[in-house]
Amino acid sequence: MNAATLTRLRGSDRLRRMVTPEGISLPLILASRGSRFGALLLDLTFIFLMMLATTLTLIWIAGGAANIAQEEATEGGAGSVVQFLLILWIAAMFLFRNAYFLYFELGPRGATPGKRLLGIRIAARDGGRLSAEMVLARNLLRDIELFLPLVFLANAGNGGDMGAAGIAATAWFLIFALFPCFNRDRMRAGDLIAGSWVVEAPKRKLETVMTAREASRPPSGYRFGEAELSVYGEYELQTLERILRENRPEALASVQDAICRKIGWNPGEGDERAFLEAYYTQLRARLEGNLRMGKRKADKFAGEG
Amino acid sequence: MTGGQQAIEAAALRSDRFRLEREGDWQKLEAIVSRMEAGRLRKLSDEDVLALPVLYRTVASSLSVARETSLDAATLAYLEALVQRAWFLVYGPRVSLGQWFRRFLGGEWSRAVRSIWLDVLIALGVMVAGVVVGWLLVAGDTEWYHALVPTGLADERVPGASREVLHGTLFGNQDQDAMSIFAAFLFSNNAQVSILAFALGFAFGVPTLLLLVHNMGMMGAMLWLYHGQGLTLDLVAWLSVHGTTEIFAILLAGAAGLHIGRSMAFPGRRSVMAAAAEAGQRASLVMAGVVLMMVIAAMLEAFPRQLIDNTPGRLVVGGFMLVFWLTYFFAFARDPQKGSRP
C-alpha cells in the first residue's frame with residue numbers, strides 16, 4: 001500500500017480510525033473480502049500439506065517398524081509401535097485442525113502464514129490489546145463456519161441423502177460462510193464473538209526528503225509570489241508530491257503545464273523537474289507557515305481559514 | 001560538522017529539518033519492530049526490548065507534531081504505519097502460551113466458569129429435562145429408542161435385550177486391545193462435539209439447547225433400557241467413570257454457548273456487538289478448559305472404565321472426579337488479580 005492508495009481510500013468504506021491509549025488516532029484499513037478468502041485458501045493448503053506430510057511420515061515409520069518386527073519375529077512389539085503411531089496421528093490431525101490458527105495468531109504478527117503473505121492481520125475492534133481470549137474465541141467459531149460445512153458437503157458428495165434437513169443445514173452454513181458480506185466491518189461470526197477484526201498490516205519505507213535534495217543542488221532561480229502560491233491547497237500539494245516521487249517525464253510536463261496555465265506563467269521546456277520542485281517547496285513552505293498559524297487550506301476550492 | 005547536520009541545515013523547510021533530526025529514532029524503532037515481527041526475539045538484545053515502548057512513544061509524539069506542522073504526505077504515511085506496527089507489538093498479546101496457560105489453570109478458568117453460573121444452571125436444567133424426556137419417550141413407545149440412540153447392526157444394546165447381554169456390555173471388556181487409540185479417537189470426537197455446542201450458541205443459543213436435549217435424551221433412553229433389567233446403578237457407575245468429567249464438560253460447553261446467545265439476545269445497555277464480544281471472550285476461556293476436560297475424560301473412558309470391572313470401584317472414580325471438578329471450580333472463589341478485569 002502506498003500513499004496513493006491511502007489517498008484513494010480516504011472516505012472509502014474500508015477506512016476506520018483507531019485511537020491508541022496515547023490519544024493518537026491512526027487510520028486502519030479493513031482487509032478486503034477477497035484477500036481474506038485468499039488467505040484462508042492458502043492456510044487450508046498449508047494445513048493440508050502438513051497433514052499429508054505427517055501422514056506419509058508416520059506411514060513410512062510404521063512400515064519400517066513392521067519390517068523390523070518381521071525380521072525379529074516379534075509381532076507384539078510392532079503392534080504397539082503402530083498403535084502409538086496411530087495415536088500420534090489422531091492427535092496431530094486434531095492439532096493441525098485446531099491449533100494452527102491459534103498458534104500463529106497469538107504470535108507477534110497476529111497473522112497466520114496465509115494472512116501474512118497477503119499483508120493482513122487481526123486486531124482488536126475496540127483499539128485495545130489483542131488478548132489470547134479473542135484469538136481463542138474467533139478460532140473456536142471457525143469450526144461451524146468452515147470445517148462442519150466442508151465435512152457436510154463431503155458427505156453429500158459421497159452420495160449421501162440430501163433431504164429437506166440437508167437443504168436446511170446447507171442454508172444454515174451458507175449464512176455463516178457469507179456472514180462477512182452482510183456487515184459493514186466485514187466480520188465473520190468468529191470476529192463478532194471475539195471482538196476482533198481483520199485489517200491490512202501496514203508496511204512502508206521512509207521516502208527521501210523532498211526539499212533537502214532540492215536544496216543540495218544549486219538554486220534553480222524560480223521564485224513565486226504570494227499570488228501564485230495562494231491558488232493551491234493541501235490536496236494539490238500532496239498530488240504534486242506524488243508526481244515528483246513517481247518522477248514520470250510526461251506527468252511532470254502536464255502538471256507543469258496545468259500550474260502555469262493557472263498562475264499565468266510561460267515556462268520553457270526541459271526544466272520541468274526543477275520548476276516543480278521549486279514550486280512544491282515554496283508552496284509547502286507557505287502552507288506549513290499558515291499551518292503553524294492555525295490556518296489550513298484543504299484544496300484549491302477552499303478559502304483560507 | 002557531521003554529514004547529518006549538514007543535511008539538516010540544507011533542508012529548506014522547518015518540517016523537513018524536524019524530520020531529519022528525528023528519523024534516526026524512527027529507523028531504530030522500525031528495525032526493532034521488523035525483527036520482532038520476524039519472530040527473531042532471541043536475537044533481540046534486552047536494551048532493544050526495553051527501548052521499544054520508549055521509542056514507540058517518541059515516534060507517536062513525532063507523528064502528533066508532524067500532523068500539526070508538516071504537509072509531507074509520504075512522511076506522515078510512513079509514521080502512521082510505523083506507529084501502528086509498533087502499537088500492535090506494544091499492546092499485543094504479550095503473554096507467551098506457557099504463561100497464559102499457567103494463569104489459566106491458576107484461577108482464570110474457574111473464574112470464567114463462575115462468572116457464567118446462570119448459564120451453567122440453565123444448561124443443567126435443560127440437560128436434566130433432556131434425560132427425563134428421553135426416558136419418558138422410550139417408556140411410552142420403544143420405537144423412540146432407535147430414533148434417539150444411533151444403533152449399529154451389531155449393537156446388542158436394543159430394547160428387548162436380555163439381562164446377560166446388557167450385563168456383558170458393562171463388564172468383562174478389560175482385555176480389549178488398542179484402548180489408547182480408542183481414547184485418542186474419543187477425545188478428538190468429543191472435543192469437536194463440545195466445540196460445536198459452544199459455536200452454535202451464536203444463533204441465540206437455540207441450537208445449543210437442542211444439541212444438549214438430544215444428547216441427554218440418548219442417555220435417558222439408555223437409562224430406561226438398563227433400568228428394565230435392574231442394571232441402573234451398574235450403568236450409572238459405568239458411565240460415571242468418564243461421564244462426570246465428560247458430561248460436566250458438555251454442560252460447560254453448552255453453558256458457554258448459551259452465555260453468548262443470551263448476551264446477544266439481551267445485551268442490556270451495551271450494543272449487541274460489544275455484548276457478544278465480551279461474552280465471547282469469557283466463554284472462550286471456559287471452552288479452552290472444556291477441551292482439556294475432554295482429554296481427561298477420554299483417558300478415563302479408555303483406561304479406568306475398562307480396567308475397573310466392578311460397580312463400587314467405578315462409582316468411586318466417577319465420584320472423585322465430580323468432587324474434584326466442583327472443588328476446583330467453586331470452592332476457591334477468591335480473585336487472584338482483583339480489579340484487573342470487570
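Protein chains get the first letters and strands the later ones, always in sequence-line order, with residue 1 at the start of each.
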Can any side-chain N or O of B:Gln281 pair as donor or acceptor with the backbone N or O of A:Ala137 at less than 3.5 Å? no
Apply side chain to side chain contact (heavy atoms under 4.5 Å, CB included) to the pair A:Asp185 and B:Met273, showing each step before the final yes or no. CA-CA 11 Å; A:Asp185 290 337; B:Met273 297 283 197; 5.6 Å; no
What part of B:Tyr56 gets within 4.5 angstrom of chain A, counting heavy atoms only: side chain, backbone, both, or neither? side chain
Donor-acceptor pair, B:Ser284 side chain versus A:Leu136 backbone, under 3.5 Å? no
Could you tell me whether a side-chain N or O of B:Glu80 sits under 3.5 Å from a main-chain N or O of A:Pro27, the two making a donor and an acceptor? no
Show the nearest heavy-atom pair for residues A:Ala194 and B:Ala277, with the distance to one decimal. C-CB, 4.1 Å
Are any of the side-chain heavy atoms of B:Phe88 and A:Arg121 separated by less than 4.5 Å? yes
Pairwise distance CG(A:Leu206) to CH2(B:Trp26) - rounded to 0.5 angstrom: 6.5 Å
Minimal non-hydrogen separation, A:Leu26 against B:Leu63, with atom names: CD2-CD2, 3.7 Å
Taking all heavy atoms of A:Glu288 and all of B:Leu71, pick out the closest pair and write down the distance. OE2-N, 2.8 Å
A:Met18 portion near chain B, given a 4.5 angstrom heavy-atom threshold: side chain
Give the minimum heavy-atom separation between A:Leu192 and B:Met264, together with the two atoms involved. CD2-CE, 3.9 Å
Does the side chain of A:Thr20 come within less than 4.5 Å of B:Gln84's, by heavy atoms? no
Is chain B contacted by the side chain of A:Ala201, its backbone, both, or neither, given a heavy-atom distance below 4.5 Å? neither
When only pairs under 4.5 Å are counted, which of B:Ala256, B:Ser64, B:Ser263, B:Gly280 shares the most heavy-atom pairs with chain A? B:Gly280
With a 4.5 angstrom heavy-atom cut-off, which part of A:Leu237 approaches chain B: side chain, backbone, both or neither? side chain
Only pairs at least two apart or in different chains count here, so list each salt bridge (Lys or Arg N to Asp or Glu O under 4.0 Å) that has a residue in residues 187-196 of chain A. A:Arg36-A:Asp191, A:Arg138-A:Asp191, A:Glu145-A:Arg188
Check whether A:Arg116 gets within reach of chain B through its side chain, its backbone, both or neither, counting any heavy atom under 4.5 Å. neither
Output the distance between atom CZ (B:Arg14) and atom CZ (A:Arg292), rounded to the nearest 0.5 Å. 4.0 Å
Atom CD of B:Glu30 and atom NZ of A:Lys205: how far apart are they, to the nearest 0.5 Å? 10.0 Å
Residues A:Glu22 and B:Arg57 bridged, charged N to O under 4.0 Å: yes
Between B:Asp72 and A:Arg245 (salt bridge meaning N to carboxylate O under 4.0 Å), is one present in this structure? yes
Applying salt bridge (charged side-chain N to carboxylate O under 4.0 Å, His left out) to A:Arg186 and not counting sequence neighbours gives A:Asp13
What heavy-atom pair brings A:Arg284 and B:Ser70 nearest, and what distance separates the two atoms? NH2-OG, 4.0 Å
Examine whether an atom of A:Ser25 lies under 4.5 Å from a heavy atom of chain B, and if so say whether it belongs to the side chain, the backbone or both; otherwise answer neither. both
Can you confirm whether more than 12 heavy atoms, excluding those of A:Trp89, are under 6.0 Å from its CH2 atom? no
Quick one: pull up CG in A:Leu141 and CE in B:Met287 and give me the separation to the nearest 0.5 Å. 10.0 Å
Under 4.5 Å from any heavy atom of chain B, what part of A:Ile122 do you find: side chain, backbone, both or neither? backbone
